[in-house]
A.B. asks: 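Here's a structure for you.
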Amino acid sequence: MKTTAILLAMFLLFALVFSAQPASAISLGQVDDFQNGSLQNWANGVPGYLTNLSTGGPAGAGDRYLQLTADGTGQGGRLTMFNLNQWLGNWVAQGITTLEVDLINQSSVSLSIRFAFKSQNLSNAPGYLSQAMILAPSSGWQHFSIAITQPNLIAVGGPAAYNTFFANGLGDFRIINEVGTANLNGDFVTGQLGIDNIRAVPEPSAAALLVGGLLVLGWRRFRAARFLAESSLISALGCL
(Lines give C-alpha, C1' and ligand atoms only; values in the text may rest on other atoms or scores of the structure.)
Protein backbone atom coordinates (compact mmCIF):
# COMPACT_ATOMS: atom_id res chain seq x y z
CA MET A 1 0.00 0.00 0.00
CA LYS A 2 2.83 2.33 0.95
CA THR A 3 4.69 1.51 -2.29
CA THR A 4 1.58 2.28 -4.32
CA ALA A 5 1.18 5.67 -2.61
CA ILE A 6 4.82 6.56 -3.32
CA LEU A 7 4.51 5.57 -6.98
CA LEU A 8 1.31 7.60 -7.30
CA ALA A 9 2.98 10.65 -5.74
CA MET A 10 5.94 10.32 -8.11
CA PHE A 11 3.60 10.05 -11.08
CA LEU A 12 1.69 13.18 -10.04
CA LEU A 13 4.96 15.11 -9.54
CA PHE A 14 6.21 13.98 -12.95
CA ALA A 15 2.94 15.05 -14.59
CA LEU A 16 3.00 18.41 -12.82
CA VAL A 17 6.57 19.20 -13.86
CA PHE A 18 6.14 18.28 -17.50
CA SER A 19 2.71 19.86 -17.86
CA ALA A 20 4.22 23.14 -16.65
CA GLN A 21 6.78 23.19 -19.46
CA PRO A 22 5.96 25.36 -22.50
CA ALA A 23 4.88 23.52 -25.63
CA SER A 24 7.81 25.07 -27.43
CA ALA A 25 10.70 27.02 -25.92
CA ILE A 26 13.98 28.49 -27.05
CA SER A 27 17.07 26.29 -27.28
CA LEU A 28 20.69 27.05 -28.06
CA GLY A 29 21.45 26.65 -31.76
CA GLN A 30 17.86 26.80 -32.99
CA VAL A 31 17.34 28.50 -36.33
CA ASP A 32 14.32 29.70 -38.30
CA ASP A 33 15.20 29.27 -41.97
CA PHE A 34 11.62 29.09 -43.32
CA GLN A 35 12.44 26.27 -45.72
CA ASN A 36 9.25 24.42 -44.76
CA GLY A 37 7.19 27.12 -46.48
CA SER A 38 5.54 28.40 -43.29
CA LEU A 39 5.95 31.56 -41.21
CA GLN A 40 7.34 29.40 -38.36
CA ASN A 41 5.02 31.07 -35.82
CA TRP A 42 6.00 34.62 -36.78
CA ALA A 43 3.18 37.12 -37.21
CA ASN A 44 2.56 40.71 -38.19
CA GLY A 45 -1.10 41.18 -37.36
CA VAL A 46 -2.09 42.25 -40.88
CA PRO A 47 -3.00 39.55 -43.46
CA GLY A 48 -0.68 39.54 -46.44
CA TYR A 49 1.97 41.80 -44.90
CA LEU A 50 4.21 38.88 -43.88
CA THR A 51 4.79 36.19 -46.50
CA ASN A 52 7.08 33.23 -47.14
CA LEU A 53 8.77 33.61 -50.53
CA SER A 54 9.94 30.44 -52.27
CA THR A 55 13.25 31.73 -53.63
CA GLY A 56 15.77 34.56 -53.46
CA GLY A 57 17.17 34.07 -49.94
CA PRO A 58 20.86 34.51 -49.06
CA ALA A 59 21.69 31.11 -50.63
CA GLY A 60 20.01 32.09 -53.91
CA ALA A 61 17.57 30.03 -55.96
CA GLY A 62 15.32 27.80 -53.87
CA ASP A 63 16.27 29.47 -50.58
CA ARG A 64 13.04 30.55 -48.87
CA TYR A 65 12.77 33.64 -46.69
CA LEU A 66 10.19 35.91 -45.08
CA GLN A 67 9.25 39.21 -46.65
CA LEU A 68 7.80 41.85 -44.32
CA THR A 69 5.87 44.80 -45.78
CA ALA A 70 4.78 48.14 -44.27
CA ASP A 71 2.60 50.80 -45.87
CA GLY A 72 3.42 53.65 -43.47
CA THR A 73 -0.05 54.08 -41.97
CA GLY A 74 -2.34 52.39 -39.47
CA GLN A 75 -1.96 48.80 -38.32
CA GLY A 76 0.22 47.84 -41.28
CA GLY A 77 2.42 50.91 -41.07
CA ARG A 78 5.41 49.40 -39.28
CA LEU A 79 8.05 46.87 -40.33
CA THR A 80 7.39 44.71 -37.29
CA MET A 81 6.99 40.98 -36.80
CA PHE A 82 6.71 39.05 -33.53
CA ASN A 83 6.97 35.51 -32.20
CA LEU A 84 5.11 34.17 -29.15
CA ASN A 85 6.19 30.56 -29.45
CA GLN A 86 9.61 28.97 -29.93
CA TRP A 87 11.56 32.13 -29.05
CA LEU A 88 10.18 32.38 -25.53
CA GLY A 89 11.65 30.55 -22.56
CA ASN A 90 14.74 30.74 -20.36
CA TRP A 91 17.49 32.41 -22.40
CA VAL A 92 19.83 32.52 -19.39
CA ALA A 93 19.67 28.77 -18.76
CA GLN A 94 20.25 28.07 -22.47
CA GLY A 95 23.34 30.29 -22.52
CA ILE A 96 22.09 32.40 -25.44
CA THR A 97 23.99 35.66 -25.64
CA THR A 98 24.03 36.32 -29.39
CA LEU A 99 21.51 36.37 -32.22
CA GLU A 100 22.40 36.01 -35.87
CA VAL A 101 20.18 36.94 -38.81
CA ASP A 102 20.31 37.61 -42.55
CA LEU A 103 18.52 40.75 -43.72
CA ILE A 104 17.88 42.51 -47.01
CA ASN A 105 16.44 46.00 -47.46
CA GLN A 106 14.04 45.96 -50.40
CA SER A 107 12.96 49.55 -49.76
CA SER A 108 13.94 52.93 -51.19
CA VAL A 109 14.81 54.24 -47.70
CA SER A 110 17.41 53.24 -45.11
CA LEU A 111 16.27 50.90 -42.34
CA SER A 112 17.38 50.57 -38.73
CA ILE A 113 16.47 47.01 -37.71
CA ARG A 114 16.54 45.93 -34.06
CA PHE A 115 15.57 42.93 -31.94
CA ALA A 116 12.95 43.87 -29.36
CA PHE A 117 12.11 41.87 -26.24
CA LYS A 118 8.84 42.59 -24.42
CA SER A 119 7.39 41.28 -21.19
CA GLN A 120 4.00 40.84 -22.88
CA ASN A 121 2.42 41.05 -26.31
CA LEU A 122 1.08 44.54 -25.56
CA SER A 123 1.94 47.86 -27.22
CA ASN A 124 3.09 49.50 -23.98
CA ALA A 125 4.80 46.50 -22.35
CA PRO A 126 8.33 47.17 -21.01
CA GLY A 127 11.37 45.34 -22.28
CA TYR A 128 14.75 45.62 -23.97
CA LEU A 129 16.00 46.80 -27.35
CA SER A 130 19.10 45.60 -29.20
CA GLN A 131 21.66 47.67 -31.05
CA ALA A 132 20.63 48.67 -34.58
CA MET A 133 21.41 46.80 -37.79
CA ILE A 134 21.66 49.52 -40.46
CA LEU A 135 20.59 48.64 -44.00
CA ALA A 136 21.02 51.00 -46.94
CA PRO A 137 18.35 51.04 -49.66
CA SER A 138 18.54 47.98 -51.93
CA SER A 139 21.31 46.66 -49.68
CA GLY A 140 21.50 43.07 -50.85
CA TRP A 141 21.63 40.34 -48.21
CA GLN A 142 23.63 41.24 -45.10
CA HIS A 143 24.58 38.94 -42.20
CA PHE A 144 24.45 40.33 -38.66
CA SER A 145 25.58 39.02 -35.29
CA ILE A 146 24.10 40.99 -32.38
CA ALA A 147 25.08 40.60 -28.72
CA ILE A 148 22.14 39.98 -26.38
CA THR A 149 24.00 40.82 -23.19
CA GLN A 150 23.17 43.41 -20.56
CA PRO A 151 25.74 46.05 -21.67
CA ASN A 152 24.49 45.84 -25.26
CA LEU A 153 20.76 46.17 -24.60
CA ILE A 154 18.67 49.28 -24.01
CA ALA A 155 15.99 49.13 -21.31
CA VAL A 156 12.64 50.62 -22.37
CA GLY A 157 9.73 51.29 -19.99
CA GLY A 158 11.34 49.97 -16.79
CA PRO A 159 11.57 46.19 -17.35
CA ALA A 160 12.73 43.65 -14.76
CA ALA A 161 16.47 43.20 -14.24
CA TYR A 162 18.29 41.57 -17.16
CA ASN A 163 18.77 38.08 -15.66
CA THR A 164 15.23 37.97 -14.26
CA PHE A 165 13.70 39.18 -17.52
CA PHE A 166 15.53 36.73 -19.81
CA ALA A 167 15.06 33.84 -17.39
CA ASN A 168 11.28 34.11 -16.97
CA GLY A 169 10.03 37.55 -18.01
CA LEU A 170 10.17 37.40 -21.82
CA GLY A 171 6.70 37.30 -23.34
CA ASP A 172 7.21 38.67 -26.87
CA PHE A 173 10.23 38.52 -29.19
CA ARG A 174 10.16 40.72 -32.28
CA ILE A 175 12.11 42.25 -35.14
CA ILE A 176 11.36 45.92 -35.76
CA ASN A 177 12.52 48.95 -37.71
CA GLU A 178 13.28 51.76 -35.27
CA VAL A 179 15.70 54.66 -35.64
CA GLY A 180 15.40 55.80 -32.03
CA THR A 181 15.20 53.88 -28.75
CA ALA A 182 11.93 55.17 -27.33
CA ASN A 183 9.64 52.19 -27.97
CA LEU A 184 9.55 48.47 -28.75
CA ASN A 185 6.98 48.64 -31.56
CA GLY A 186 8.92 50.25 -34.41
CA ASP A 187 8.59 53.37 -36.55
CA PHE A 188 6.07 54.03 -39.28
CA VAL A 189 7.69 53.53 -42.67
CA THR A 190 6.85 52.49 -46.22
CA GLY A 191 9.08 49.63 -47.28
CA GLN A 192 9.91 45.94 -47.40
CA LEU A 193 12.37 43.82 -45.45
CA GLY A 194 13.61 40.28 -46.13
CA ILE A 195 14.47 38.09 -43.12
CA ASP A 196 16.15 34.68 -42.99
CA ASN A 197 18.18 32.36 -40.76
CA ILE A 198 17.33 33.75 -37.33
CA ARG A 199 19.69 31.82 -35.07
CA ALA A 200 20.35 31.61 -31.31
CA VAL A 201 24.04 31.15 -30.51
CA PRO A 202 26.41 31.53 -27.55
CA GLU A 203 28.79 34.46 -27.24
CA PRO A 204 31.68 33.98 -29.74
CA SER A 205 34.28 33.96 -26.95
CA ALA A 206 32.30 31.32 -25.06
CA ALA A 207 32.04 29.18 -28.19
CA ALA A 208 35.79 29.49 -28.71
CA LEU A 209 36.45 28.44 -25.13
CA LEU A 210 34.18 25.42 -25.58
CA VAL A 211 35.93 24.32 -28.76
CA GLY A 212 39.32 24.90 -27.15
CA GLY A 213 38.33 22.84 -24.13
CA LEU A 214 37.18 19.96 -26.33
CA LEU A 215 40.45 20.06 -28.28
CA VAL A 216 42.50 19.98 -25.07
CA LEU A 217 40.40 17.10 -23.73
CA GLY A 218 40.82 15.19 -27.01
CA TRP A 219 44.60 15.76 -27.01
CA ARG A 220 44.92 14.53 -23.44
CA ARG A 221 42.97 11.38 -24.26
CA PHE A 222 45.12 10.82 -27.34
CA ARG A 223 48.34 11.14 -25.31
CA ALA A 224 46.99 8.75 -22.65
CA ALA A 225 46.04 6.17 -25.29
CA ARG A 226 49.44 6.55 -26.98
CA PHE A 227 51.25 6.09 -23.65
CA LEU A 228 49.31 2.90 -22.91
CA ALA A 229 50.02 1.55 -26.40
CA GLU A 230 53.75 2.29 -26.10
CA SER A 231 53.88 0.73 -22.62
CA SER A 232 52.17 -2.41 -23.90
CA LEU A 233 54.60 -2.62 -26.84
CA ILE A 234 57.63 -2.25 -24.56
CA SER A 235 56.29 -4.95 -22.23
CA ALA A 236 55.67 -7.26 -25.19
CA LEU A 237 59.20 -6.73 -26.56
CA GLY A 238 60.66 -7.37 -23.13
CA CYS A 239 59.05 -10.79 -23.08
CA LEU A 240 60.73 -11.84 -26.35
Side-chain angles (χ1 to χ4, degrees), residues 22-89 91 94 96 98-118 121-123 129-130 132-146 148 170-178 184-201:
S24 182
I26 194 165
S27 61
L28 186 64
Q30 76 178 41
V31 57
D32 290 357
D33 61 10
F34 312 107
Q35 284 301 107
N36 63 4
S38 77
L39 301 182
Q40 291 193 228
N41 301 309
W42 288 90
N44 170 257
V46 182
Y49 277 54
L50 182 62
T51 56
N52 183 310
L53 299 187
S54 62
T55 190
D63 186 15
R64 289 182 173 271
Y65 71 98
L66 291 192
Q67 185 181 69
L68 179 62
T69 301
D71 59 17
T73 61
Q75 189 177 3
R78 309 171 192 264
L79 282 173
T80 298
M81 70 179 199
F82 56 86
N83 188 288
L84 308 178
N85 195 275
Q86 72 270 21
W87 288 93
L88 306 189
W91 288 52
Q94 290 295 319
I96 298 165
T98 305
L99 289 174
E100 295 182 348
V101 66
D102 293 316
L103 302 172
I104 182 171
N105 183 358
Q106 300 166 322
S107 315
S108 59
V109 296
S110 294
L111 298 177
S112 176
I113 307 302
R114 301 176 188 267
F115 295 114
F117 310 89
K118 306 177 75 171
N121 183 230
L122 299 173
S123 61
L129 200 60
S130 80
M133 296 170 277
I134 306 301
L135 293 168
S138 304
S139 64
W141 284 102
Q142 304 290 321
H143 181 78
F144 293 92
S145 180
I146 299 295
I148 309 301
L170 179 60
D172 179 328
F173 171 58
R174 57 182 56 201
I175 295 175
I176 67 175
N177 172 66
E178 184 178 346
L184 300 167
N185 302 311
D187 300 331
F188 285 99
V189 67
T190 299
Q192 286 185 318
L193 173 70
I195 307 109
D196 202 5
N197 303 317
I198 309 167
R199 187 185 305 271
V201 298

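Bear in mind the structure is a predicted one, so any value in this text is a computation, not a measurement.
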A.B. asks: Considering residues at least two apart in sequence or located in another chain, which fulfil the side chain to side chain contact (heavy atoms under 4.5 Å, CB included) criterion with Q30?
C.D. replies: I26, S27, Q86, W87, A200

A.B. asks: Quick one: are W42 and L68 in side-chain contact, heavy atoms under 4.5 Å?
C.D. replies: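 A side-chain contact under 4.5 Å is absent here.
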
A.B. asks: Can you list everything that forms a side-chain hydrogen bond (donor to acceptor under 3.5 Å, both in side chains) with R174? Sequence neighbours excluded, please.
C.D. replies: D172

A.B. asks: Specify the closest pair of heavy atoms between S107 and T190, including all atoms of both residues, with the distance to one decimal.
C.D. replies: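 Heavy-atom minimum between the residues: CB-O, 4.5 Å.
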
A.B. asks: Looking at residues at least two apart in the chain, or sitting in another chain, which of them share a side-chain hydrogen bond (donor to acceptor under 3.5 Å, both in side chains) with S139?
C.D. replies: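 In terms of side-chain hydrogen bond (donor to acceptor under 3.5 Å, both in side chains), with neighbours along the sequence ignored, S139 is linked to no residue.
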
A.B. asks: With a 4.5 Å heavy-atom cut-off, do L66 and N52 have their side chains touching?
C.D. replies: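 Answer yes - side chains close enough.
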
A.B. asks: Identify, with sequence neighbours excluded, every residue that meets ring-ring contact (aromatic ring centres under 6.0 Å, His included) alongside Y65.
C.D. replies: W141

A.B. asks: Quick check against the 3.5 Å criterion: does T51 have a side-chain atom that pairs as donor or acceptor with the backbone of L53?
C.D. replies: no

A.B. asks: For the side chain of N41 and the backbone of N83, is there at least one donor-acceptor N/O pair under 3.5 Å apart?
C.D. replies: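 No; zero donor-acceptor contacts below 3.5 Å.
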
A.B. asks: Not counting sequence neighbours, which residues clear side-chain hydrogen bond (donor to acceptor under 3.5 Å, both in side chains) with S110? List them please.
C.D. replies: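 Partners of S110 by the side-chain hydrogen bond (donor to acceptor under 3.5 Å, both in side chains) criterion come out as none, since no residue qualifies.
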
A.B. asks: To the nearest 0.5 Å, what is the distance between CG (L79) and CG (L50)?
C.D. replies: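 With rounding to 0.5 Å, CG (L79) is 10.5 Å from CG (L50).
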
A.B. asks: Less than 4.5 Å apart, side chain to side chain, heavy atoms only: is that true for Q35 and D63?
C.D. replies: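 Heavy-atom side-chain distance check passes, below 4.5 Å.
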
A.B. asks: Which residues pass the ring-ring contact (aromatic ring centres under 6.0 Å, His included) test with F115, not counting sequence neighbours?
C.D. replies: F173

A.B. asks: Of all the heavy-atom pairs spanning S145 and T98, show the shortest one and how long it is.
C.D. replies: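 Looking at all heavy atoms of both residues, the shortest contact is OG-CG2, 3.2 Å.
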
A.B. asks: Kindly compute the distance separating CG (L184) from CD (E178), expressed to the nearest 0.5 Å.
C.D. replies: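 Atom-to-atom, L184:CG and E178:CD are 7.0 Å apart.
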
A.B. asks: At what distance, to the nearest 0.5 angstrom, does CD1 of I113 lie from CD1 of I175?
C.D. replies: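 Here the rounded value is 8.5 Å.
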
A.B. asks: Distance-only check: which donor-acceptor pairs under 3.5 Å involve side-chain atoms of residues 192-199, not counting sequence neighbours?
C.D. replies:
unit_1: Q192; atom_1: NE2; unit_2: Q67; atom_2: OE1; d: 3.3
unit_1: Q192; atom_1: NE2; unit_2: T69; atom_2: OG1; d: 3.1
unit_1: N197; atom_1: ND2; unit_2: D102; atom_2: OD2; d: 2.8

A.B. asks: Under the rule for side chain to side chain contact (heavy atoms under 4.5 Å, CB included), what residues qualify as partners of S54, not counting sequence neighbours?
C.D. replies: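 Applying side chain to side chain contact (heavy atoms under 4.5 Å, CB included) to S54 gives R64.
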
A.B. asks: Under the side chain to side chain contact (heavy atoms under 4.5 Å, CB included) test, which residues partner T55, sequence neighbours left out?
C.D. replies: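 With sequence neighbours excluded, T55 shows a side chain to side chain contact (heavy atoms under 4.5 Å, CB included) to A61, given in chain and number order.
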
A.B. asks: Do N185 and T80 have side chains that get closer than 4.5 Å, going by heavy atoms?
C.D. replies: no

A.B. asks: Minimum heavy-atom separation for A136 and N105, please, with both atom names.
C.D. replies: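 Heavy atoms of A136 and N105 come nearest at O-ND2, 3.0 Å.
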
A.B. asks: Could you work out, with side chain to side chain contact (heavy atoms under 4.5 Å, CB included) as the rule, every residue matching S112, not counting sequence neighbours?
C.D. replies: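 By the side chain to side chain contact (heavy atoms under 4.5 Å, CB included) rule, S112 matches R114, A132, I134, N177, V179.
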
A.B. asks: Is there a side chain to side chain contact (heavy atoms under 4.5 Å, CB included) between I146 and V101? Walk through the geometry before answering.
C.D. replies: CA-CA 9 Å; I146 299 295; V101 66; 5.9 Å; no

A.B. asks: For W91, give me all partners under side-chain hydrogen bond (donor to acceptor under 3.5 Å, both in side chains), at least two apart in sequence or on another chain.
C.D. replies: none

